[in-house]
Amino acid sequence: FHMLAKPKLKNPVLVEGFPGLGLVGTISASYLIEKLKMEPMGYITGEQFPPLAAVHNHRPLYPARIYYSTKHDLIVFISEFVVPIGAVNELADKIYQFARKERVREIISLGGITIKGEQDTVYSIASLPELTAKLEKMKNIRLIKEGATTGVTGVLLAKGAVEGYPVISLLAESQEGYMDPKAAAMVVEALSEMLHIQIDTSSLENEAKLIDDKVKHIMSKAKSAHADYKKVQDGGSLGSMYG
């Protein structure tokens with residue numbers, strides 16, 4: 001973790017938005033950062049992360065970044081690449097350590113889940129019984145009783161359950177195979193209700209089309225970069241993107 005700022009936050013909520021089904025986490029995190037006018041707090045690097053830079057408004061950025069808002073006492077983690085499976089446990093541990101250090105009162109993970117019927121439900125998992133009871137009172141959220149959740153979110157939830165730390169996963173029903181702005185809007189609305197922060201999602205679908213192009217380009221570059229990197233490791237030559 002490389003910190004660029006040390007904001008004066010009280011007991012912030014940490015929202016994690018990493019790529020997954022429908023890229024719901026990445027879209028939602030990007031939308032929050034923009035709409036709440038959040039400031040850069042730092043970035044994350046790792047030996048197993050793909051060698052790439054995300055480019056936004058002509059500016060190259062590390063694709064895994066941290067933002068903050070003192071007004072809303074909020075921290076947002078965003079990644080614009082799928083976290084390699086070999087890096088999941090270490091990254092989850094680092095996020096957990098960061099949350100402890102920054103006195104984070106709650107970690108909330110945003111993501112997608114396969115549509116089971118009409119696309120009208122946000123599902124949730126919580127690390128603690130009191131959080132489960134809180135979520136049960138929310139009319140638009142359905143709790144998951146049996147199943148499994150993977151990746152960074154899964155590790156954070158299991159660790160939170162063992163160590164008594166509050167972690168919540170919000171999963172909107174999402175389309176497979178492409179960006180799903182509707183699912184992102186659903187999960188942002190649920191988050192808005194939980195945090196008592198007014199977040200207008202009416203423009204999300206239009207803005208998500210722009211995000212779609214950006215993220216697809218980044219993901220494509222990441223895939224290409226990984227393929228070229230693998231060629232070099234196997235004794236091949238650098239790809240055309242390096243020419």
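The chain is numbered in sequence order, starting from 1.
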Non-hydrogen side-chain atoms of I95 and V152 separated by less than 4.5 Å
yes
If you group Ile, Leu, Val, Met, Phe, Trp and Tyr by side-chain heavy-atom gaps below 4.5 Å, do Y43 and I66 land in one group?
no
S174 versus V24, closest heavy-atom pair with distance:
OG-CG2, 3.7 Å
Test side chain to side chain contact (heavy atoms under 4.5 Å, CB included) on I108 and L170; report intermediate values, then the result.
CA-CA 7 Å; I108 303 177; L170 295 177; 4.0 Å; yes
Return yes if some donor-acceptor pair links the side-chain N/O of R105 with the main-chain N/O of N11 below 3.5 Å, else return no.
yes
Check for a donor-acceptor pair, side chain of D180 on one end and backbone N or O of K182 on the other, with a separation under 3.5 Å.
yes
Roughly how far, to the nearest 0.5 Å, is the OH atom of Y96 from the OH atom of Y165?
7.0 Å
For Q48 versus P84, what's the shortest heavy-atom pair and its separation?
O-CG, 3.0 Å
Heavy atoms of M38 and L74 approach each other most closely as CE-O, 3.6 Å
Residue pairs, two or more places apart or on separate chains, that pass side chain to side chain donor-acceptor pair (under 3.5 Å) and touch residues 126-135:
none
So does I197 get a backbone contact from the side chain of S192, meaning a donor-acceptor N/O pair under 3.5 Å?
yes
Measure the acute angle between the ring planes of F77 and F18, then classify it against the limits of 30° and 60° as parallel, tilted or perpendicular.
tilted
Should P7 and E39 count as side-chain neighbours, where that means a heavy-atom distance under 4.5 Å?
no
Rounded to the nearest 0.5 Å, how far does NE2 of H2 lie from OG1 of T45?
3.0 Å
Give a yes or no on whether L4 and L9 share a hydrophobic cluster (residues Ile, Leu, Val, Met, Phe, Trp, Tyr; joining criterion: side-chain heavy atoms under 4.5 Å apart).
no
Under 4.5 Å between any side-chain heavy atoms of E106 and L131, yes or no?
yes
In terms of heavy-atom contacts, G164 and L128 come closest through CA-CD2, 3.7 Å
As an exercise, state the distance from OG1 of T121 to CE of M186, rounded to the nearest 0.5 Å.
6.0 Å
State which residues pass side chain to side chain contact (heavy atoms under 4.5 Å, CB included) with A158; sequence neighbours excluded, sorted by chain then number.
none
Taking the side chain as every heavy atom from C-beta outward, state whether V13 and D73 have any atom pair closer than 4.5 Å.
no
Quick check for you: to the nearest 0.5 Å, what is the distance between Y31 atom OH and I78 atom CD1?
14.0 Å
Are L157 and V88 grouped together when hydrophobic residues (ILVMFWY) are joined by side-chain heavy atoms under 4.5 angstrom apart?
yes
Determine, step by step, whether E173 and D120 satisfy the side chain to side chain contact (heavy atoms under 4.5 Å, CB included) criterion, reporting the C-alpha distance in whole Å, the side-chain angles of both residues, the deciding distance to 0.1 Å, and the verdict.
CA-CA 7 Å; E173 289 186 305; D120 58 2; 3.5 Å; yes
Of all heavy-atom pairs between A29 and G17, which one has the smallest distance, and what is that distance?
CB-CA, 4.0 Å
Looking only at atom types and distance, does a side-chain atom of S124 sit under 3.5 Å from a main-chain N or O of S169, one as donor and one as acceptor?
yes
Taking the side chain as C-beta and beyond, is there a heavy-atom pair between M194 and L135 under 4.5 Å?
yes
Any donor-acceptor pair under 3.5 Å from S30 side chain to T26 backbone
no
Report the C-alpha distance between L171 and I144 in whole Å, list the side-chain angles of each, state the deciding distance to 0.1 Å, and finish with yes or no for side chain to side chain contact (heavy atoms under 4.5 Å, CB included).
CA-CA 10 Å; L171 302 163; I144 295 175; 4.1 Å; yes
Quick one, L195 and H72 - any side-chain contact, counting heavy atoms below 4.5 Å?
no
First locate atom CD1 of I75, then atom OG1 of T70, and finally report the distance between them rounded to the nearest 0.5 Å.
11.0 Å
When you compare the side chain of L32 with that of I199, does any pair of heavy atoms fall below 4.5 Å?
yes
Can you get from V122 to L191 by hopping between Ile, Leu, Val, Met, Phe, Trp and Tyr side chains that sit under 4.5 Å apart?
yes
Would I107 and Y123 show up in the same hydrophobic cluster when neighbours are defined by side-chain heavy atoms closer than 4.5 Å?
yes
Shortest non-hydrogen pair, P181 vs I27, comes out as N-CD1, 4.5 Å
Salt bridge (charged side-chain N to carboxylate O under 4.0 Å, His left out) for E102 and K10? Distances and angles first, verdict last.
CA-CA 9 Å; E102 297 296 328; K10 297 174 183 177; over 6 Å; no
Measure the acute angle between the ring planes of F1 and F98, then classify it against the limits of 30° and 60° as parallel, tilted or perpendicular.
tilted
Using a strict threshold of under 4.0 Å (side-chain N to carboxylate O), is an ion pair present between R100 and E163?
yes
Between R65 and E80, is the closest basic N to carboxylate O distance under 4.0 Å?
yes
Y62 OH: over 12 foreign heavy atoms closer than 6.0 Å
no
Verdict with reasoning, K35 to V188, per side chain to side chain contact (heavy atoms under 4.5 Å, CB included)
CA-CA 11 Å; K35 288 298 180 184; V188 169; over 6 Å; no
Any side-chain heavy atom of L91 sitting closer than 4.5 Å to one from I44?
yes
Residues passing the side chain to side chain contact (heavy atoms under 4.5 Å, CB included) test with P40, sequence neighbours excluded, are Y67
